[in-house]
Amino acid sequence: MNFLIGAISGIISGIFASLGMGGGGVLIICLTLFLEIPQQQAQGINLIFFILPAIFSVVIYTKRKLINWKLAVPFAFMGICGAIIGSIISDFIDGYWLSKLFGVLLLFIGAKELFKKSAKK
């Protein structure tokens, strides 16, 4: 059963990640709720999981000329800096509180998306 849950969550997470919709949220939720993996381990698995989908997505989006590299490179560099800082900070936060912070972040993002006015084309 764990393999089935892992396979389904992996597929859904990969689809969401390729769409730019935060597949990590799906994967971490599945890992922590259904497979009862501790929050910090789930985050580590999530990071490893998204290396290959990210590479494939970058290749496809580059072929379609959908990446503004002048804008993307500085964001990527700062994202790497943020990842280093975040991983250091997560060592000092208990898994219980880390999962609560993750839940609050998901609620905030969900509420923002729910009440965001759509842009007219």
Side-chain angles (χ1 to χ4, degrees):
M1 188 64 164
N2 285 352
F3 176 78
L4 182 62
I5 291 171
I8 291 170
S9 63
I11 290 169
I12 293 170
S13 298
I15 291 169
F16 278 15
S18 293
L19 294 172
M21 297 171 47
V26 173
L27 187 62
I28 290 174
I29 290 169
C30 289
L31 290 172
T32 56
L33 289 180
F34 300 119
L35 300 178
E36 298 179 0
I37 294 174
Q39 181 75 25
Q40 288 175 317
Q41 272 188 319
Q43 288 175 210
I45 292 168
N46 177 57
L47 293 172
I48 293 295
F49 173 84
F50 281 103
I51 291 172
L52 287 176
I55 290 169
F56 286 117
S57 295
V58 167
V59 169
I60 292 168
Y61 277 73
T62 299
K63 285 183 178 180
R64 293 181 183 166
K65 298 182 182 183
L66 295 173
I67 297 178
N68 178 343
W69 287 101
K70 289 182 181 178
L71 183 63
V73 169
F75 275 95
F77 176 74
M78 295 312 290
I80 291 168
C81 294
I84 292 167
I85 294 167
S87 64
I88 292 169
I89 291 171
S90 73
D91 284 341
F92 299 103
I93 300 174
D94 183 62
Y96 172 82
W97 290 108
L98 202 55
S99 64
K100 299 300 179 205
L101 289 171
F102 183 70
V104 169
L105 176 67
L106 289 178
L107 286 173
F108 175 75
I109 292 170
K112 183 176 183 263
E113 287 299 314
L114 187 63
F115 296 110
K116 179 173 75 172
K117 294 181 182 178
S118 63
K120 292 184 179 181
K121 293 184 178 180

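Numbers here are sequence positions counted from 1.
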Do L106 and W97 belong to the same hydrophobic cluster, where Ile, Leu, Val, Met, Phe, Trp and Tyr are linked whenever their side-chain heavy atoms lie under 4.5 Å apart, directly or via other members?
no
Give the cluster check for L47 versus F50: same hydrophobic cluster or not, with ILVMFWY residues linked at side-chain heavy-atom distances below 4.5 Å.
no
For residues 75-88, tabulate all N or O donor-acceptor pairs below 3.5 Å that involve a side-chain atom, not counting sequence neighbours.
unit_1 : atom_1 : unit_2 : atom_2 : d
S87    : OG     : A83    : O      : 3.2
S87    : OG     : I84    : O      : 2.9

Hphob cluster co-occupancy, W69 + Y61, side-chain heavy atoms under 4.5 angstrom
yes
Would you give the length of the straight line joining atom CD1 of I48 to atom CD1 of I45, rounded to the nearest 0.5 angstrom?
9.5 Å
ILVMFWY cluster, Y96 and L101 together (side-chain gap under 4.5 Å):
yes
To the nearest 0.5 Å, how far apart are CG in L66 and OG in S57?
11.5 Å
Identify every side-chain donor-acceptor pair in residues 23-40 under 3.5 Å, counting partners at least two apart or on other chains, and give the distances.
unit_1 : atom_1 : unit_2 : atom_2 : d
T32    : OG1    : I28    : O      : 2.8
T32    : OG1    : I29    : O      : 3.3
Q39    : NE2    : Q43    : OE1    : 3.2
Q40    : NE2    : S90    : O      : 2.5
Q40    : NE2    : I93    : O      : 3.3

Is there a path of hydrophobic side-chain contacts, each under 4.5 Å between heavy atoms of I, L, V, M, F, W or Y residues, that connects I15 with F56?
no
